[in-house]
Participant: 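Take a look at this one; I'll ask things after.
These numbers were taken from a predicted model, which means no experiment stands behind them. Count residues from 1 along the sequence.
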Amino acid sequence: KIGVGLSDPKESIVTTGDIREHTSYFLPQVVHLATNGVNVTGSSWQNLQSFTLPAGTLNDSSAIRIVAYVRRSSGGGAGAFRLRYGGSTVVSMSANGNNPARLELVLFNTTDASSQRGFIDHSNSGNTGTATGTSSVDSESNQTLSLEIDLSTIADDWICDYLLVELVKK
């Protein structure tokens, strides 16, 4: 069945004229969107984007999906990326020189509200493009979620042009 008592998605359009009425619960909810081109430079881990995830948002029937587009605005070095949740590193990956690059990250609770797993996938053509990791952060409290880049060895300028954070529910 699709939607509310419907077996064909075309019925939604014909019946109501608006498919959103019957299928909105299938769509991810945008939690955060940034298109302001955050520029970072420095010689250590730098914050590309961060925001507060409200208490209880991440639970046993939801996950967070992040898509980011980043690029170097100067220099030619590779950057390492990591996802932090509540001040703890969930997942990080080694330096990657693709420029521009697309990152996709996923974060979800595993056994309870204080146990998470994260994945990061970088638009790398080699074997360093995917990584996974875990954290133990209380998802029943407000937590800061941040995407960071390590500029410790390159001191290049990087820009995060686009960051989309979605809440995906079962």
Side-chain angles (χ1 to χ4, degrees), residues 19-20 23-59 61-109 116-126 128-135 137-169:
I19 195 167
R20 293 173 296 175
T23 60
S24 63
Y25 56 89
F26 290 116
L27 302 175
Q29 175 185 350
V30 174
V31 175
H32 182 77
L33 176 64
T35 59
N36 53 347
V38 175
N39 190 22
V40 295
T41 188
S43 58
S44 62
W45 282 100
Q46 301 293 319
N47 183 38
L48 284 169
Q49 293 276 349
S50 65
F51 69 97
T52 299
L53 195 62
T57 302
L58 193 60
N59 58 50
S61 63
S62 67
I64 297 295
R65 180 176 47 212
I66 302 168
V67 176
Y69 288 90
V70 298
R71 62 187 165 90
R72 276 190 309 271
S73 58
S74 71
F81 295 92
R82 73 181 176 190
L83 176 66
R84 292 176 57 83
Y85 179 60
S88 296
T89 298
V90 180
V91 61
S92 62
M93 62 169 295
S94 58
N96 191 304
N98 282 9
N99 180 47
R102 179 185 186 276
L103 298 164
E104 183 167 350
L105 303 100
V106 176
L107 176 67
F108 54 92
N109 285 346
Q116 297 82 34
R117 175 162 296 279
F119 288 87
I120 183 171
D121 187 38
H122 188 290
S123 60
N124 179 36
S125 57
T128 60
T130 303
T132 187
T134 60
S135 65
V137 176
D138 183 7
S139 293
E140 294 177 348
S141 298
N142 291 348
Q143 300 294 348
T144 300
L145 192 62
S146 59
L147 176 61
E148 299 177 348
I149 184 171
D150 186 8
L151 302 177
S152 61
T153 60
I154 58 174
D156 290 342
D157 290 342
W158 282 75
I159 297 174
C160 181
D161 285 309
Y162 176 87
L163 182 85
L164 172 66
V165 181
E166 299 172 302
L167 175 64
V168 182
K169 298 179 185 179

Participant: Output the distance between atom CG (L103) and atom CD1 (I66), rounded to the nearest 0.5 Å.
Facilitator: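 Atom-to-atom, L103:CG and I66:CD1 are 10.0 Å apart.
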Participant: Would you give the length of the straight line joining atom CD of Q49 to atom CG of L145, rounded to the nearest 0.5 angstrom?
Facilitator: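 With rounding to 0.5 Å, CD (Q49) is 11.0 Å from CG (L145).
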Participant: What's the separation between atom CD1 in I159 and atom CG in N36, rounded to the nearest 0.5 Å?
Facilitator: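 Reported to 0.5 Å precision, the distance equals 11.0 Å.
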Participant: Of all the heavy-atom pairs spanning L163 and C160, show the shortest one and how long it is.
Facilitator: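 Taking every non-hydrogen atom into account, CB-SG, 4.3 Å.
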Participant: Please tell me if the side chains of V165 and L33 come closer than 4.5 Å, counting only heavy atoms from C-beta onward.
Facilitator: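 The answer is no, as the side chains (C-beta and beyond) never meet within the 4.5 Å cut-off.
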Participant: Can you tell me how far apart CG (D157) and CZ (R72) are? Round to the nearest 0.5 Å.
Facilitator: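 It comes to 11.0 Å.
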Participant: Do T132 and R117 have a side chain donor and acceptor closer than 3.5 Å?
Facilitator: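 The criterion, which ignores hydrogens and geometry beyond distance, is satisfied for R117 and T132.
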Participant: How close do G86 and V137 get, counting heavy atoms only, and between which atoms?
Facilitator: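 Scanning both residues completely, I find the closest heavy atoms to be CA-CG1, 4.0 Å.
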Participant: For residues N39 and S73, report the shortest heavy-atom separation together with the two atoms involved.
Facilitator: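 Looking at all heavy atoms of both residues, the shortest contact is OD1-OG, 3.9 Å.
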Participant: Could you tell me the separation between the CG atom of L58 and the OH atom of Y85, rounded to the nearest 0.5 Å?
Facilitator: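 If I round to the nearest 0.5 Å, the distance is 4.5 Å.
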Participant: Check whether any side-chain heavy atom of L48 lies under 4.5 Å from a side-chain heavy atom of V38, and answer yes or no.
Facilitator: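 Counting from C-beta outward, L48 and V38 never come under 4.5 Å.
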Participant: Checking V106 against I64 for the side chain to side chain contact (heavy atoms under 4.5 Å, CB included) test, could you report, in this order, the C-alpha distance in whole Å, the side-chain angles of both residues, the deciding distance, and whether it holds?
Facilitator: CA-CA 6 Å; V106 176; I64 297 295; over 6 Å; no
Participant: Locate the shortest heavy-atom distance separating S50 from T144; write the atom from each residue and the value.
Facilitator: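 Answer, listing the atom of S50 first, then T144: CB-CG2, 4.2 Å.
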Participant: Do the side chains of D150 and R82 get close enough for a salt bridge, i.e. N-O under 4.0 angstrom?
Facilitator: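 No.
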Participant: Out of S146, S135, S92, which one pairs with R84 under the side chain to side chain contact (heavy atoms under 4.5 Å, CB included) rule?
Facilitator: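 In the set S146, S135, S92, the residue that makes a side chain to side chain contact (heavy atoms under 4.5 Å, CB included) with R84 is S146.
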Participant: Which pair of non-hydrogen atoms, one from A80 and one from M93, has the smallest distance, and what is that distance?
Facilitator: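 That closest heavy-atom pairing would be CB-O, 3.3 Å.
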Participant: Donor-acceptor pair, N109 side chain versus Q116 backbone, under 3.5 Å?
Facilitator: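 Answer holds: no.
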Participant: State, with a plain yes or no, whether a side-chain heavy atom of L53 is found less than 4.5 Å away from one of V31.
Facilitator: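 Side chain of L53 against side chain of V31, heavy atoms only: contact under 4.5 Å found.
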Participant: If you measure from CD on E104 to CG on L164, what distance do you get to the nearest 0.5 Å?
Facilitator: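 The CG atom of L164 is 10.0 Å from CD of E104, to the nearest 0.5 Å.
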Participant: Taking all atoms of both residues into account, what is the closest heavy-atom pair of P28 and V168, and its distance?
Facilitator: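 Of all heavy-atom pairs spanning P28 and V168, the closest is CB-CG2, 4.2 Å.
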Participant: Sort and list the pairs that fulfil salt bridge (Lys or Arg N to Asp or Glu O under 4.0 Å) and have at least one residue in residues 39-48, not counting sequence neighbours.
Facilitator: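 Non-adjacent pairs meeting salt bridge (Lys or Arg N to Asp or Glu O under 4.0 Å): zero.
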Participant: Does either side chain, that of E148 or that of N47, offer a donor lying less than 3.5 Å from an acceptor on the other one?
Facilitator: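 Short answer, no.
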Participant: In terms of relative ring orientation, are F108 and F119 parallel, tilted or perpendicular, with 30° and 60° separating the classes?
Facilitator: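 Judged by the thresholds at 30° and 60°, the geometry between F108 and F119 is parallel.
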